[in-house]
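Start at 1 and go down the list; that is how both ligands and their atoms are numbered. Heads up: numbering here begins at 1 and tracks the sequence.
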Amino acid sequence: MTGTLITVAPTGAEVDKAEVPALPVTLDELVDAAKRCEQAGASIIHVHLRDDEAKPTLDPVRLRDAVAALRDTTDLIVQLSTGGSVRDGEAARLAVLDAEPDMASCTMGTVNFGDDVFMNRWEFIVGLHERMQDKAVVPEYELFDLGHLAALERLLDKEGLPFGGHVHVDFVLGVPGGAAGDASTVTAFAEGVRRYLPEGTTFSATGIGRATLPVMFASLAHGGHLRVGMEDTVSFARRQPVTGNDQLVERAAAAAALAQRPAITTAEARKLLRMRDAD
Ligand code: KMH
Ligand code: ZN
């Protein structure tokens with residue numbers, strides 16, 4: 001069994017900067033968080049950007065600038081979100097790939113998302129998958145519900161493997177409207193990966209809000225990897241706001257070390273995910 005791949009999702013599209021001042025929203029704040037998180041054990045950064053009013057944006061210039069700045073200042077694998085916010089349209093979400101990240105997210109189906117709907121039509125998913133194949137971008141397939149496993153099996157069957165040939169998925173658990181954020185749900189997803197997806201498929205898992213710890217421990221127990229960050233969790237413990245993303249990465253790295261699967265380096269992560277620049 002390998003060590004643990006830790007992804008940090010520092011910002012997201014939902015958390016309000018006015019309510020959570022530690023949320024990184026400017027490029028300087030993002031780069032600072034990225035450097036600290038790399039130091040703490042992260043190897044992938046899952047990126048959402050904000051505009052000058054700290055609102056979510058898919059502005060192409062900002063996306064390119066962020067990819068360049070993160071590459072200049074860290075060795076992290078840069079994964080852009082194509083999920084954006086629930087208000088983003090398909091064309092803008094597809095255009096994210098023009099910023100030429102190392103990786104990008106690809107959500108495997110529509111899901112209720114609190115009071116909103118996170119829309120991911122089949123044709124849109126196929127379009128994202130194909131464009132990532134063409135652009136040599138490694139996808140991280142985001143699974144918010146068990147049915148998304150079957151959708152991914154169908155996608156790979158019809159459209160072929162992603163660039164590099166390795167399949168990596170992330171379980172996003174505890175979204176109101178999606179799969180629950182508890183240990184037995186992680187078990188169901190892990191069994192689904194073994195049953196429906198190609199041999200060697202790797203998975204990480206993240207739990208929203210108070211689901212973060214049960215999901216983290218269950219994922220480690222199943223040989224899975226971890227995603228943490230303020231996109232998903234803004235309380236470190238009861239009545240204890242997160243002070244920064246590195247605090248969450250440090251805790252994940254400590255849990256991984258206790259599980260005797262310490263955090264892997266960015267170079268090891270590139271190899272694991274068969275990235276184009278892996279040694
Ligand atoms: N913000 C959510 C609506 C992704 O980044 O690919 C979607 C999301 C998934 O965060
Ligand atoms: Zn995201």
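In this structure, E140 has no salt bridge (charged side-chain N to carboxylate O under 4.0 Å, His left out) partners at least two apart in sequence or on a different chain.
A side-chain donor from one of H46 and Q79 sits under 3.5 Å from a side-chain acceptor of the other. Judged purely by distance below 3.5 Å, without hydrogens or angles, the side chains of T266 and D75 pair a donor atom with an acceptor atom. Counting only N and O atoms by type, the side chains of H48 and T11 include no donor and acceptor under 3.5 Å apart.
Here CG of N245 is found 5.5 Å from CE of M230. Values are rounded to the nearest 0.5 Å.
Under the side chain to side chain contact (heavy atoms under 4.5 Å, CB included) test applied with F144, the options N112, V172, T110, D170 reduce to a single match, V172.
Listed by first and then second residue, the salt bridge (charged side-chain N to carboxylate O under 4.0 Å, His left out) pairs that reach into residues 17-26 are K17-E29, sequence neighbours excluded.
Take a cut-off of 2.8 Å around the Zn ion (ligand 2): the protein N, O or S atoms inside it are H46 NE2, H48 NE2, E231 OE2.
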Note every protein N or O atom lying under 3.5 Å from an N or O atom of ligand 1, pairing the names and giving the distance.
unit_1: ligand 1; atom_1: 1 (N); unit_2: E14; atom_2: OE1; d: 3.4
unit_1: ligand 1; atom_1: 1 (N); unit_2: E14; atom_2: OE2; d: 2.7
unit_1: ligand 1; atom_1: 1 (N); unit_2: G84; atom_2: O; d: 2.8
unit_1: ligand 1; atom_1: 5 (O); unit_2: H46; atom_2: NE2; d: 3.0
unit_1: ligand 1; atom_1: 5 (O); unit_2: H48; atom_2: NE2; d: 3.1
unit_1: ligand 1; atom_1: 5 (O); unit_2: S81; atom_2: OG; d: 2.6
unit_1: ligand 1; atom_1: 6 (O); unit_2: G83; atom_2: N; d: 3.4
unit_1: ligand 1; atom_1: 6 (O); unit_2: S105; atom_2: OG; d: 2.7
unit_1: ligand 1; atom_1: 10 (O); unit_2: H48; atom_2: NE2; d: 3.3
unit_1: ligand 1; atom_1: 10 (O); unit_2: E231; atom_2: OE2; d: 2.9

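Salt bridge R64/D98: absent, no basic N to carboxylate O contact under 4.0 Å. The pair K55-E53 does not meet the salt-bridge criterion, since no charged nitrogen lies less than 4.0 angstrom from a carboxylate oxygen.
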